[in-house]
Each structure stands twice: as structure tokens, then as C-alpha cells.
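Working notes, beginning with the structure itself.
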Amino acid sequence: MAEHRLLIINPGSTSTKISVFDDRECVFTESIFHDAPVLLSFPAVNDQVPFRKQVILELLKKHDIDIHSVDVFVGRGGSAYTQKAGVMPIDERLYNDTANAVGGSDHPAKLGVMLAYELCSEYGGQMFTLDPTNVDELCDYARYTGIKGIYRKAQTHVLNQKGIGMKYARSLGRQYEDCNFIICHIDGGITITAHQHGKMVDSNEGSGGDGPFTPTRLGSIPVLGVLEYLDQGHTVDEMRIMCSRAGGFVNHFGTSDADRVHKLVEAGDAYAKVIWNTMIYQICKYIGEMAVVMDGKVDSIILTGGLVRFDDIIDMIRQKCGWIADVTVFPGEVEQEALAHAVCGVLEGKKQSHEYTGIKVWTDPFNV
């Protein structure tokens with residue numbers, strides 16, 4: 001008989017994914033896709049909580065799981081102040097800082113912490129998070145910009161990237177901390193990160209308008225182009241939403257459904273083809289940037305996330321970036337497994353958790 005039943009809650013920019021684990025054994029995993037127009041009907045990310053909560057309860061019912069049998073709630077996180085990597089208990093301070101997005105990024109991953117807190121408060125038990133999107137391990141050169149007091153922030157798919165990095169290193173008979181990887185999470189959001197000896201030393205700021213455009217995000221745009229767009233009568237709030245929820249494919253095609261867009265590409269739609277291939281082209285450019293960050297000493301380029309189910313994405317990356325290092329593909333992600341196994345390690349006394357401090361990992365030593 002299992003000692004702990006865990007409910008793993010993983011909200012993404014285009015989906016809600018949940019799993020139930022009895023200790024380390026997965027009972028079930030299921031993901032529900034939400035097209036962008038559905039999620040954009042909610043004015044703010046926090047407004048999605050009742051909707052996502054109902055999705056979770058319906059999935060549990062579908063799989064004949066009584067929520068009262070769950071004694072550990074584990075949620076993906078983000079949006080609070082920056083943190084170090086590892087397992088954290090969810091407490092009221094973390095919940096409030098997450099809900100208020102004090103870290104400056106209002107990404108749907110934050111809903112994992114909020115939903116775990118609300119469900120645990122209602123049904124009892126323990127609650128944890130692991131490797132939220134704002135784990136900060138950046139080198140200082142990755143932070144500063146050409147505007148005094150404006151910094152690039154740590155905001156990436158930490159949970160999946162670190163999980164994949166550790167898994168691949170084990171397959172090589174090596175430790176993650178001894179390797180240099182460029183890990184690319186390619187899905188509704190796209191982040192490309194330099195993992196140097198176990199630290200994420202540089203990355204695009206995923207939901208901050210930085211990096212390749214994606215099914216839901218606008219990506220990097222010249223500042224004058226943004227100002228011209230605002231001069232046309234668009235609002236700052238519109239631009240902010242396009243950073244994480246309404247840019248990219250949503251803006252070009254009215255949908256975040258990559259399958260629908262790719263079918264247009266396959267049908268010979270010239271516009272769809274150029275937009276699709278531009279996204280891949282931009283991914284390749286950022287892989288090149290991360291190679292430079294690590295002085296070209298790259299053990300492997302690792303592709304993961306839902307969109308690597310499309311062969312043309314893999315083929316173009318191999319064509320343009322294969323000279324840097326071997327390209328390895330891990331379709332999907334390992335987030336559910338990573339969340340469950342790390343928390344089990346804490347519950348078993350094999351790993352240590354750390355409390356959320358509410359204090360940023362890094363502040364400018366020059367007091368700018």
C-alpha cells in the first residue's frame with residue numbers, strides 16, 4: 001500500500017496537465033489542451049483558477065480518483081520572487097507572492113502553486129513546489145541591459161529543462177553538474193538555456209518578450225517596432241498580454257494550436273510556411289547565442305517539449321546547429337515525473353527542501 005498519494009498539478013500556457021502518483025508509481029497522467037481564445041476570455045491569469053480547478057476535479061472523477069484520497073498536492077510554480085532550485089513547501093507567503101506576481105512575470109505556471117494551495121487548504125494534507133519558472137542561476141553578464149536599472153530576468157522552463165538535463169546526463173553515465181548542455185524547451189512557450197556545470201547561466205526571458213516567437217508569445221521585437229505599434233493606438237496592456245498569451249501564432253492565425261498551423265504548412269499555405277519556418281530560424285539563432293556563452297564547449301543540444309513532435313523543427317535545427325554539438329531529442333517533457341520523484345525524496349527523508357524566503361536571489365551590487 002502506498003504511503004503517499006500525490007496530485008501533480010501542471011498548468012501551462014496552452015494546457016492543464018495532472019497526474020496522480022502513489023509514491024513514485026504513476027496511476028495516471030492526462031493533459032487537456034486549451035486553445036488561446038478560451039484562456040484569453042479570462043482578463044487575468046489569476047481569473048483562470050476556478051476554470052482550471054474544475055478541469056482538475058473532472059479529470060479526477062473521470063479516473064475514479066477520490067480527491068479525499070490525495071494527501072500531497074504538488075504544483076508547478078512561478079511569478080514569486082526569484083528562488084534557488086529545489087523543493088519548497090508551499091506556504092501562505094509563497095501563495096500570496098505568487099498570486100500577486102511580485103517577480104514581474106504573470107505566467108500560467110503560477111497557477112500550480114495557487115491550485116495546490118487552495119485544494120490542500122480545502123481537503124487537507126501537505127503541499128510542495130519544485131523548480132519554478134523563476135529559479136535564478138544567471139551569470140551577471142546575462143542580467144544587465146543598455147538601460148540603467150533595467151535587467152534581464154531569470155524566466156525559463158526550469159522544471160522540464162533541469163529534469164531532462166539530469167535524465168540525459170544519467171544516460172551518458174555522467175552527472176548533470178559535470179556537463180554543458182543547451183536545452184531547448186519548444187512548446188506553447190519556447191526557452192533556450194545554457195546549462196553550464198549544473199547552472200542555468202543564461203537564457204531568453206521566456207514570457208518577457210525575449211527570444212523566438214512561439215504559439216502564444218510575441219518574442220523579441222525591436223523597441224522602435226513596439227513603439228510604432230503603440231503609436232497605432234494599441235495599449236500597453238495588449239502588448240503585455242502578447243508577451244505570454246496572445247502573441248505568435250495567436251496573433252498571426254487566431255489560434256495557439258500548432259497542429260492546425262502545421263496543417264496549413266503541409267497544405268502549401270505560403271504565409272503559414274514562412275511564419276512557421278521563421279519560428280524555427282529564431283530558435284536556431286538563440287541556440288547559437290547559448291553556444292557562445294559557453295565558449296563553444298557544448299556536450300549536447302537537447303530538444304524537448306510538445307512541438308518536437310514535428311520532424312521539420314528537428315531537421316532544421318540539426319541542419320543549422322549540428323556543427324555546434326550533437327542534437328538529442330526528448331519528445332514531450334518529464335515535469336510530472338520530476339515533481340513527483342523530487343517531493344517523494346523529501347517525504348522519504350532522502351532530500352532536503354528549503355523554505356521560500358520572499359527575498360530575491362540577486363540584487364544589483366552597484367545599487368543602481
Side-chain angles (χ1 to χ4, degrees), residues 82 85 105 131 133-146 151-169 172 174-214 217-221 248 277-308 313-331 333-334 361-362:
T82 52
S105 173
D131 289 349
T133 59
N134 54 339
V135 165
D136 188 347
E137 299 175 334
L138 295 178
C139 71
D140 284 353
Y141 291 149
R143 302 179 186 278
Y144 290 91
T145 72
Y151 312 98
R152 291 178 64 248
K153 300 173 184 175
Q155 187 66 224
T156 189
H157 292 91
V158 183
L159 180 61
N160 189 43
Q161 288 199 18
K162 279 189 173 286
I164 288 290
M166 292 174 190
K167 185 174 183 176
Y168 184 58
L172 300 175
R174 301 176 65 184
Q175 295 293 316
Y176 165 67
E177 292 77 11
D178 297 328
C179 299
N180 287 346
F181 296 140
I182 298 171
I183 305 183
C184 312
H185 180 105
I186 306 172
D187 209 339
I190 296 174
T191 49
I192 295 118
T193 305
H195 293 246
Q196 188 171 42
H197 302 307
K199 299 292 185 183
M200 302 178 301
V201 297
D202 203 343
S203 182
N204 64 300
E205 188 180 332
S207 58
D210 181 34
F213 67 75
T214 83
R217 299 175 180 175
L218 54 78
S220 296
I221 299 175
N277 286 339
T278 299
M279 178 184 73
I280 308 172
Y281 175 89
Q282 292 183 358
I283 292 169
C284 295
K285 285 206 302 184
Y286 275 84
I287 290 173
E289 286 190 16
M290 294 305 128
V292 170
V293 165
M294 295 190 289
D295 301 321
K297 298 173 182 176
V298 181
D299 294 308
S300 187
I301 298 165
I302 304 173
L303 311 182
T304 183
L307 293 193
V308 297
I313 292 179
I314 299 169
D315 291 344
M316 186 182 290
I317 292 173
R318 282 196 166 128
Q319 175 189 336
K320 289 190 173 294
C321 304
W323 58 273
I324 297 171
D326 289 340
V327 177
T328 301
V329 181
F330 280 81
E333 41 79 16
V334 297
V361 168
W362 181 86

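FYI, side chains are in, hydrogens and waters are out, and symmetry mates aren't considered; it's all heavy atoms of this structure. Throughout, numbering of the chain's residues begins at 1 and tracks the sequence.
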Subject >> Matching residue for I280 among K320, M316, Q319 - test: side-chain contact (heavy atoms from CB on, under 4.5 Å) >> reply: M316

Subject >> Separation between CD1 of I287 and CD of Q282, rounded to the nearest 0.5 Å >> reply: 12.5 Å

**OP:** Run the numbers on M290 and I301 for side-chain contact (heavy atoms from CB on, under 4.5 Å), then give the verdict.
**Re:** CA-CA 10 Å; M290 294 305 128; I301 298 165; over 6 Å; no

**OP:** Identify whether the distance between the nearest side-chain nitrogen and carboxylate oxygen of R152 and D202 falls below 4.0 Å.
**Re:** yes

Subject >> Minimal non-hydrogen separation, W362 against T82, with atom names >> reply: N-OG1, 4.3 Å

**OP:** Take V308 and T304, measure what side-chain contact (heavy atoms from CB on, under 4.5 Å) needs, and give me the verdict at the end.
**Re:** CA-CA 6 Å; V308 297; T304 183; 5.7 Å; no

**OP:** Enter the distance from I182:CD1 to T328:OG1 here, rounded to the nearest 0.5 Å.
**Re:** 11.5 Å

Original post:
For D136, which of K153, Q155, R143 qualifies under side-chain hydrogen bond (donor to acceptor under 3.5 Å, both in side chains)?
Top reply: R143

Original post:
Does D326 offer a backbone N or O that forms a donor-acceptor pair with the side chain of S300 under 3.5 Å?
Top reply: yes

Subject >> side-chain contact (heavy atoms from CB on, under 4.5 Å) assessment of R318 paired with V329 >> reply: CA-CA 10 Å; R318 282 196 166 128; V329 181; 3.9 Å; yes

**OP:** Please name the pair of heavy atoms, one in I324 and one in A291, separated by the smallest distance, quoted to 0.1 Å.
**Re:** CG2-CB, 3.7 Å

**OP:** Taking all non-hydrogen atoms of both residues into account, name the closest pair between T156 and S203 and its distance.
**Re:** OG1-OG, 3.4 Å

**OP:** Heavy atoms only: give me the nearest V293-A194 pair and the separation to one decimal.
**Re:** CG1-CB, 4.1 Å

**OP:** Go through the structure and list residues passing ring-ring contact (aromatic ring centres under 6.0 Å, His included) with F181, not counting sequence neighbours.
**Re:** Y168

Original post:
Under the side-chain contact (heavy atoms from CB on, under 4.5 Å) criterion, do F330 and I183 qualify, and how do the steps go?
Top reply: CA-CA 10 Å; F330 280 81; I183 305 183; over 6 Å; no

Original post:
Judged by atom type as modelled, is there a donor-acceptor pair below 3.5 Å linking the side chain of Q196 to the main-chain atoms of M294?
Top reply: no

Original post:
Under 6.0 Å from the CG atom of N277, do we count more than 12 heavy atoms belonging to anything else shown?
Top reply: yes

**OP:** Would you list the pairs meeting side-chain hydrogen bond (donor to acceptor under 3.5 Å, both in side chains) in which at least one residue belongs to residues 174-187, sequence neighbours left out?
**Re:** N160-H185, K162-Y176, Y176-H195

Subject >> side-chain contact (heavy atoms from CB on, under 4.5 Å), paired with T191, selected from T214, T133, N204 >> reply: N204

Subject >> Minimum heavy-atom distance between I190 and R217, given as atom pair plus value >> reply: N-NH1, 4.0 Å

Original post:
What are the two closest non-hydrogen atoms of L307 and I313, and how far apart are they?
Top reply: O-CD1, 3.4 Å

